[in-house]
Trainee: 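My questions all concern the structure below.
Whatever order the structure lists ligands and atoms in, that order sets their numbers, starting from 1.
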Amino acid sequence: MKAIVIYEPGGPEKLIYQDVPTPKVKPGWSLVQVKGFGINHSEIFTRNGLSPSVTFPRILGIECVGVMADTTDPERLPVGQKVISIMGEMGRAFDGGYAEYALLPNEQICPVETELDWATLAALPETYYTAYGSLLNLRIRERDRVLVRGATSGVGIAFLRLLRARWQGIHVTGSSRSLRKEAQLVEAGFDEVIVDADGVLQTEQQFDRVLELIGPATLKDTFSHTAEGGIVCSTGQLGGKWYLNDFEPIMELPANGYLTSFYSGNVYGKRLQDILDYVAKYHVNAVPERVFSLEEVPKAHAYLDGAHSFGKVVVVV
Ligand SMILES: NC(=O)c1ccc[n+]([C@@H]2O[C@H](COP(=O)([O-])OP(=O)(O)OC[C@H]3O[C@@H](n4cnc5c(N)ncnc54)[C@H](OP(=O)(O)O)[C@@H]3O)[C@@H](O)[C@H]2O)c1
């Protein structure tokens with residue numbers, strides 16, 4: 001089969017398109033014919049050698065959508081069944097989705113029913129699943145003033161689309177490190193764009209709900225822009241900082257507010273189907289921003305890593 005293999009950390013050019021043996025099923029594991037997958041920021045991190053637990057060579061890819069090609073669980077995962085798989089150490093401890101076939105533990109292969117095309121389905125698992133989980137944890141209400149900090153990311157745009165599809169009138173602000181992508185953000189559906197200048201939001205506004213995708217690097221600044229009783233969901237770490245130092249919850253949390261998070265590693269099969277149902281019910285436009293082929297994975301990484309990256313990037317195999 002064709003696959004993208006990485007032998008050593010580095011830039012997108014370290015992702016090598018080549019022939020490798022197609023894996024064979026073994027007890028408790030089944031073979032998925034990969035039809036597509038999203039490119040995730042965490043894979044860029046791993047490619048750069050910043051995931052200490054990942055050893056090379058490795059086929060990266062923490063998610064995939066496809067059909068069952070060979071199975072050790074014919075009842076739940078019959079050959080030809082449409083499936084989604086995410087996380088569970090795929091593309092990290094064992095080979096992942098950047099390939100024509102992926103051998104995966106049965107317990108992390110979720111059968112799904114959907115009529116979506118492969119490119120759209122490929123946009124959903126990790127990114128929309130994360131945005132959807134964050135949306136639920138933010139307990140959105142019709143009149144909330146919502147901020148997406150890190151709005152141009154795949155998760156940021158997915159969150160906006162999920163939100164807009166259900167609450168058309170809600171006021172949503174997005175932040176970016178410059179106004180270069182302002183027109184794109186407005187076109188995507190943001191009401192307003194504010195600049196995040198070195199971790200300081202360039203506004204006096206307060207928000208009722210904040211999806212924080214820059215993470216601990218900007219969380220305290222986010223608290224200072226959160227209205228009384230507001231909720232902050234810290235889901236991303238685009239700022240490259242994992243921990244919050246010198247944090248005094250009593251004084252620094254927004255008054256009577258809440259801090260929550262969402263972790264896609266807590267995968268529940270039914271929730272994957274829930275998100276497909278939500279997308280269908282509210283007619284969410286989940287079409288990815290850019291679609292690449294398997295051979296073009298290095299290009300897809302370069303795009304997502306570059307100054308013009310915007311929204312969800314997928315590969316259709
Ligand atoms: N909690 C979970 O389970 C979970 C699951 C999935 C993803 N995530 C996290 O969610 C975040 C978004 O993921 P993604 O795959 O959607 O990201 P992505 O599409 O790769 O994000 C790209 C955007 O990140 C912004 N950015 C890049 N470097 C930055 C920096 N140093 N400081 C601030 N902004 C920066 C850029 O925005 P501008 O140029 O417009 O500023 C760029 O458009 C990541 O941190 C990812 O790890 C978490």
Side-chain angles (χ1 to χ4, degrees), residues 12 37-48 50-51 60-63 86-92 122-138 148-162 173-186 188 190 193-202 210-219 221-222 232-242 259-268 271-272 275 286 288-290 300-315:
F37 52 85
I39 304 281
N40 295 286
H41 209 81
S42 74
E43 291 145 11
I44 293 178
F45 245 87
T46 308
R47 190 203 72 211
N48 282 325
L50 300 174
S51 303
L60 302 183
I62 62 168
E63 61 170 290
I86 61 175
M87 299 288 286
E89 285 303 304
M90 71 183 285
R92 295 174 60 86
L124 295 181
E126 175 68 7
T127 297
Y128 275 76
Y129 181 75
T130 301
Y132 179 67
S134 303
L135 187 80
L136 295 183
N137 289 352
L138 279 168
V148 180
R149 195 159 189 174
T152 61
S153 64
V155 176
I157 297 296
F159 179 85
L160 171 80
R161 290 187 174 168
L162 294 172
T173 302
S175 78
S176 170
R177 286 170 298 172
S178 81
L179 287 180
R180 205 173 27 202
K181 301 173 188 169
E182 184 177 21
Q184 263 176 299
L185 285 168
V186 170
F190 282 96
V193 180
I194 52 180
V195 174
D196 199 337
D198 294 324
V200 180
L201 285 178
Q202 302 302 296
V210 185
L211 175 62
E212 169 60 92
L213 295 174
I214 312 301
T218 54
L219 202 46
D221 185 61
T222 286
V232 176
C233 184
S234 188
T235 295
Q237 296 148 323
L238 286 169
K241 206 178 146 197
W242 269 246
L259 172 62
T260 184
S261 185
F262 177 78
Y263 176 44
S264 64
N266 300 324
V267 176
Y268 305 104
R271 225 192 228 186
L272 283 172
I275 178 140
E289 244 54 54
R290 297 285 297 264
H301 266 238
Y303 171 74
L304 203 59
D305 230 357
H308 302 289
S309 87
F310 189 88
K312 188 65 200 168
V313 173
V314 305
V315 169

Trainee: Measuring from non-hydrogen atoms of Thr127 to any atom of ligand 1, is the shortest distance under 4.0 Å?
Mentor: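 Heavy atoms of Thr127 never come under 4.0 Å of ligand 1.
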Trainee: For ligand 1, is any non-hydrogen atom under 4.0 Å from Thr130's backbone (N, CA, C, O), its side chain (CB onward), both, or neither?
Mentor: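 Only the side chain of Thr130 comes within reach of ligand 1.
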Trainee: Is there a side-chain contact (heavy atoms from CB on, under 4.5 Å) between Phe190 and Glu182? Walk through the geometry before answering.
Mentor: CA-CA 9 Å; Phe190 282 96; Glu182 184 177 21; over 6 Å; no
Trainee: Can you tell me which portion of Phe262 lies within the under-4.0 Å heavy-atom range of ligand 1? Options are side chain, backbone, both, or neither.
Mentor: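 Backbone only.
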Trainee: Going by the order shown, which atoms of ligand 1 are within less than 4.0 Å of some heavy atom of Ser264?
Mentor: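 Numbered from 1, ligand 1 contributes 2 (C), 3 (O), 5 (C).
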Trainee: Give the contacting part of Ile214 toward ligand 1: side chain, backbone, both or neither, where contact means a heavy-atom distance below 4.0 Å.
Mentor: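 Answer for Ile214: side chain.
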Trainee: Tell me if the centroids of the rings in Phe262 and Tyr129 come within less than 6.0 Å of each other.
Mentor: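 Yes; Tyr129 has its ring centre under 6.0 Å from that of Phe262.
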Trainee: Quick check on contacts: which atoms of ligand 1 are under 4.0 angstrom from a heavy atom of Gly236?
Mentor: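 So the atoms of ligand 1 that pass are 9 (C), 10 (O), 11 (C), 45 (O).
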Trainee: Would you check the N or O atoms of Asn40, main chain and side chain alike, for any that come under 3.5 Å of an N or O of ligand 1?
Mentor: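 The answer is no, given that Asn40 and ligand 1 share no N or O pair closer than 3.5 Å.
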Trainee: Mind checking whether Phe310 has an N or O less than 3.5 Å away from an N or O of ligand 1?
Mentor: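 Looking only at distances, the answer is no, because the N/O contact criterion of under 3.5 Å is not met.
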Trainee: Quickly, which of Leu179, Leu160, Ile157 forms a side chain to side chain contact (heavy atoms under 4.5 Å, CB included) with Leu185? Name it, please.
Mentor: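 Single side chain to side chain contact (heavy atoms under 4.5 Å, CB included) partner of Leu185 among Leu179, Leu160, Ile157: Ile157.
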Trainee: Consider every N or O of Glu126 and every N or O of ligand 1, then say whether any pair is closer than 3.5 Å.
Mentor: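 No; the residue has no nitrogen or oxygen that sits under 3.5 Å from a nitrogen or oxygen of the ligand.
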Trainee: Look at atom 7 (C) of ligand 1 and say which protein heavy atom is nearest, naming residue and atom and giving the distance to 0.1 Å.
Mentor: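 Atom 7 (C) of ligand 1 sits closest to the protein heavy atom Val155 CG2, 3.9 Å.
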Trainee: Under 3.5 Å between any N/O of Tyr263 and any N/O of ligand 1: does that happen in this structure?
Mentor: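 No; the residue has no nitrogen or oxygen that sits under 3.5 Å from a nitrogen or oxygen of the ligand.
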Trainee: Could you find the nearest protein heavy atom to atom 8 (N) of ligand 1 and give me its residue, atom name and distance?
Mentor: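 Looking at atom 8 (N) of ligand 1, the protein heavy atom closest to it is Thr235 O, 4.0 Å.
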Trainee: Show me which atoms of ligand 1 lie under 4.0 Å from any heavy atom of Ser309.
Mentor: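 Atoms satisfying the 4.0 Å criterion: 22 (C), 42 (C), 43 (O).
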Trainee: Any side-chain donor paired with an acceptor under 3.5 Å for Glu63 and Asn40?
Mentor: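 Looking only at side-chain atoms, Asn40 and Glu63 do form a donor-acceptor pair, the distance falling under 3.5 Å.
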Trainee: With atom 23 (C) of ligand 1 as the reference point, say which of Gly311, Gly150, Ser153 has the nearest heavy atom.
Mentor: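 Considering heavy atoms of Gly311, Gly150, Ser153, the nearest to atom 23 (C) of ligand 1 sits in Ser153.
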Trainee: Considering only protein heavy atoms, which is closest to atom 36 (C) of ligand 1, and at what distance to one decimal place?
Mentor: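 For this ligand atom, the closest protein heavy atom is Arg177 NH2, 3.4 Å.
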Trainee: Among all protein heavy atoms in this structure, tell me which lies nearest to atom 45 (O) of ligand 1, with the distance rounded to 0.1 Å.
Mentor: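 Of every protein heavy atom, Gln237 N, 2.8 Å lies nearest to atom 45 (O) of ligand 1.
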Trainee: How far is atom 43 (O) of ligand 1 from the closest protein heavy atom, and which atom is that?
Mentor: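 Sorting protein heavy atoms by distance from atom 43 (O) of ligand 1 puts Thr152 OG1, 2.7 Å first.
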Trainee: So which bit of Ser42 gets within less than 4.0 Å of ligand 1, heavy atoms only: side chain, backbone, both or neither?
Mentor: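 Looking at Ser42 and ligand 1, no heavy atom falls under 4.0 Å.
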Trainee: Can you tell me which portion of Leu238 lies within the under-4.0 Å heavy-atom range of ligand 1? Options are side chain, backbone, both, or neither.
Mentor: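 The answer is both, backbone and side chain.
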Trainee: Tell me every residue that passes salt bridge (charged side-chain N to carboxylate O under 4.0 Å, His left out) with Glu289, counting only those two or more places apart in sequence or in another chain.
Mentor: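 Per chain and number, Glu289 pairs via salt bridge (charged side-chain N to carboxylate O under 4.0 Å, His left out) with Arg161.
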Trainee: If you define the side chain from C-beta out and look only at heavy atoms, does anything of Leu211 sit under 4.5 Å from Leu213?
Mentor: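 Contact flag for Leu211/Leu213 side chains = yes.
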Trainee: Do the side chains of Thr130 and Thr235 get nearer than 4.5 Å, heavy atoms only?
Mentor: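 Result yes, sub-4.5 Å side-chain heavy-atom pair found.
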Trainee: Can you measure from CD (Glu43) to CZ (Arg92) and round to the nearest 0.5 angstrom?
Mentor: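 Here the interatomic distance stands at 10.0 Å.
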Trainee: In terms of side-chain heavy atoms, does Thr127 have a donor or acceptor partner in Lys312 at a distance below 3.5 Å?
Mentor: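 Side-chain D/A pair, Thr127 to Lys312: present.
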Trainee: Tell me the nearest of Glu212, His41, Gln184 to atom 46 (C) of ligand 1, using heavy-atom distances.
Mentor: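 Answer by nearest heavy atom: His41.
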Trainee: Would you please test Thr218 and Glu212 for side chain to side chain donor-acceptor pair (under 3.5 Å) and show each step?
Mentor: CA-CA 8 Å; Thr218 54; Glu212 169 60 92; 3.0 Å; yes
Trainee: Check each heavy atom of Lys181 against ligand 1 and say whether those closer than 4.0 Å belong to the side chain, the backbone, both or neither.
Mentor: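 For Lys181, the contact with ligand 1 is made by the side chain alone.
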Trainee: Is there a polar contact between ligand 1 and Leu304, counting only N or O atoms under 3.5 Å apart?
Mentor: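 By distance alone, the answer is no.
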Trainee: Within the 4.5 Å heavy-atom criterion, are Ser234 and Leu259 side-chain neighbours or not?
Mentor: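 The answer is yes; the side chains approach within 4.5 Å.
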Trainee: Starting from atom 19 (O) of ligand 1, what is the nearest protein heavy atom, named by residue and atom, and what distance separates them?
Mentor: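 I find the closest protein heavy atom is Gly154 N, 2.9 Å.
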Trainee: Salt-bridge test for Arg177 and Asp198: reply yes if a basic N is under 4.0 Å from a carboxylate O, no otherwise.
Mentor: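 Answer for the salt bridge query: no.
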Trainee: Can you tell me how far apart OG (Ser309) and CD1 (Ile39) are? Round to the nearest 0.5 Å.
Mentor: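 Rounded to the nearest 0.5 Å, the OG-CD1 separation comes to 12.5 Å.
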Trainee: Can you find a heavy atom in the side chain of Tyr263 that is under 4.5 Å from one in the side chain of Met87?
Mentor: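 The answer is yes; the side chains approach within 4.5 Å.
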